2 protein chains.
Amino acid sequence: MPKTGGSSKKKALASAAPRQENGGWKRGLAVFDFVLRLGALGAALGAAAAMGTSDETLPFFTQFFQFEASYDDLPTFQFFLVAMGIVGGYLVLSLPFSIVCIVRSTAVGIRLLLIILDTVALTLATSAAGAAAAIVYLAHSGNSGTNWLAICDQFGDFCQKVSGAVVGSFIAVFLMMFLILLSAFAIRKSH
Amino acid sequence: MPKTGGSSKKKALASAAPRQENGGWKRGLAVFDFVLRLGALGAALGAAAAMGTSDETLPFFTQFFQFEASYDDLPTFQFFLVAMGIVGGYLVLSLPFSIVCIVRSTAVGIRLLLIILDTVALTLATSAAGAAAAIVYLAHSGNSGTNWLAICDQFGDFCQKVSGAVVGSFIAVFLMMFLILLSAFAIRKSH
């Protein structure tokens, strides 16, 4: 009996060593996940802020109206602002869950929940970024086939701010894409 | 000694039963993955085909030029066609790997590869779909703030085909989103 007990202890030690190593890996991935999430949050909120404050009034006006450009004028930019706000809000709410993953590295259910919601948020952010990029391109270059003229010659500051918002949103998209790959890898490792 | 052998056999049987059950689950998920992949492939290629064949020539012309609308006129639609072609090509190439996952349900490495490439393809498809949707909306409604006029009054058939392509691309996006969630779940289960 004592012999059997000894061998089972040895077995327990032998199986504990790789598990702890595995746990270290997972904790590192979880911390990296948290940092990426913070970065994506910053990029998304920055994009939303840049878009929300983008309005420009030209210094001259006629008797009847003043020339003004704002994100309000284009429904695509309104959608962009709302989508980035939702993604930013989701990322804030997901931070506590990410911390739980750092503390309890065996919490696979939470990881699975995060990867599902991350994928939905990624799709929302990407569609908003793509749509805004298409409109910004049109504002910069115009289109001769459809007779849509470029407006960036008149509204330079507006275009700069809006372009910055699009760049910020694509940074958020890439960080979130990386976040999903990392989560998939972490789920693969956690068994 | 014979007693120990018997107990280890019993243990082997006991551990084989849940593994086979687990394998059945995984095989079902793998078959569903294959079907979803086929659906996404059809939607992506349908969207690309609808966009590629969308040109309309109006039945009247002036001395100098003929009124014609085609996807060539708008860089966003060219990007849409290229992106949908790439996504369709990737989905075709991923089918054999999906079959491997059905046959050998323990192939976790291939699943991980598929989930990574799926995420990249999803992002590409979503940005193309979002960009095309923004332009199609503009073509339908126009925008008074920037003085971009709606062109769908003149080019009705063109607009219909392009709208159909956007709908197809969003169907592909939703199927691929579901594909990633399924893969994450399958990786979670396979241990």
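Only a predicted model underlies this, so the values are computations on that prediction, with no experimental measurement involved.
Heavy atoms of other residues, nucleotides or ligands lying less than 6.0 angstrom from CZ of B:F97 number 12 at most. Remark: B:Y90 OH is packed, more than 12 non-hydrogen atoms of other residues, nucleotides or ligands lying under 6.0 Å away.
B:L74 CG to A:L138 CG: the interatomic distance, rounded to the nearest 0.5 Å, is 7.5 Å.
Taking every heavy atom of both residues into account, A:L149 and B:W148 meet most closely at O-NE1, 2.8 Å.
Residues of residues 114-133 of chain A having a heavy atom under 4.5 Å from any heavy atom of chain B, listed by number: A:I115, A:I116, A:T119, A:V120, A:L122, A:T123, A:T126, A:S127, A:G130, A:A131.
When the candidates B:D73, B:T76, B:N143 are compared by the number of heavy-atom contacts under 4.5 Å with chain A, B:N143 comes out ahead.
Note: the hydrophobic cluster containing A:L93 does not contain A:V103 (ILVMFWY, side chain heavy atoms under 4.5 Å, direct or indirect links).
Considering only heavy atoms from C-beta on, A:Y137 stays 4.5 Å or farther from B:I135 through its side chain.
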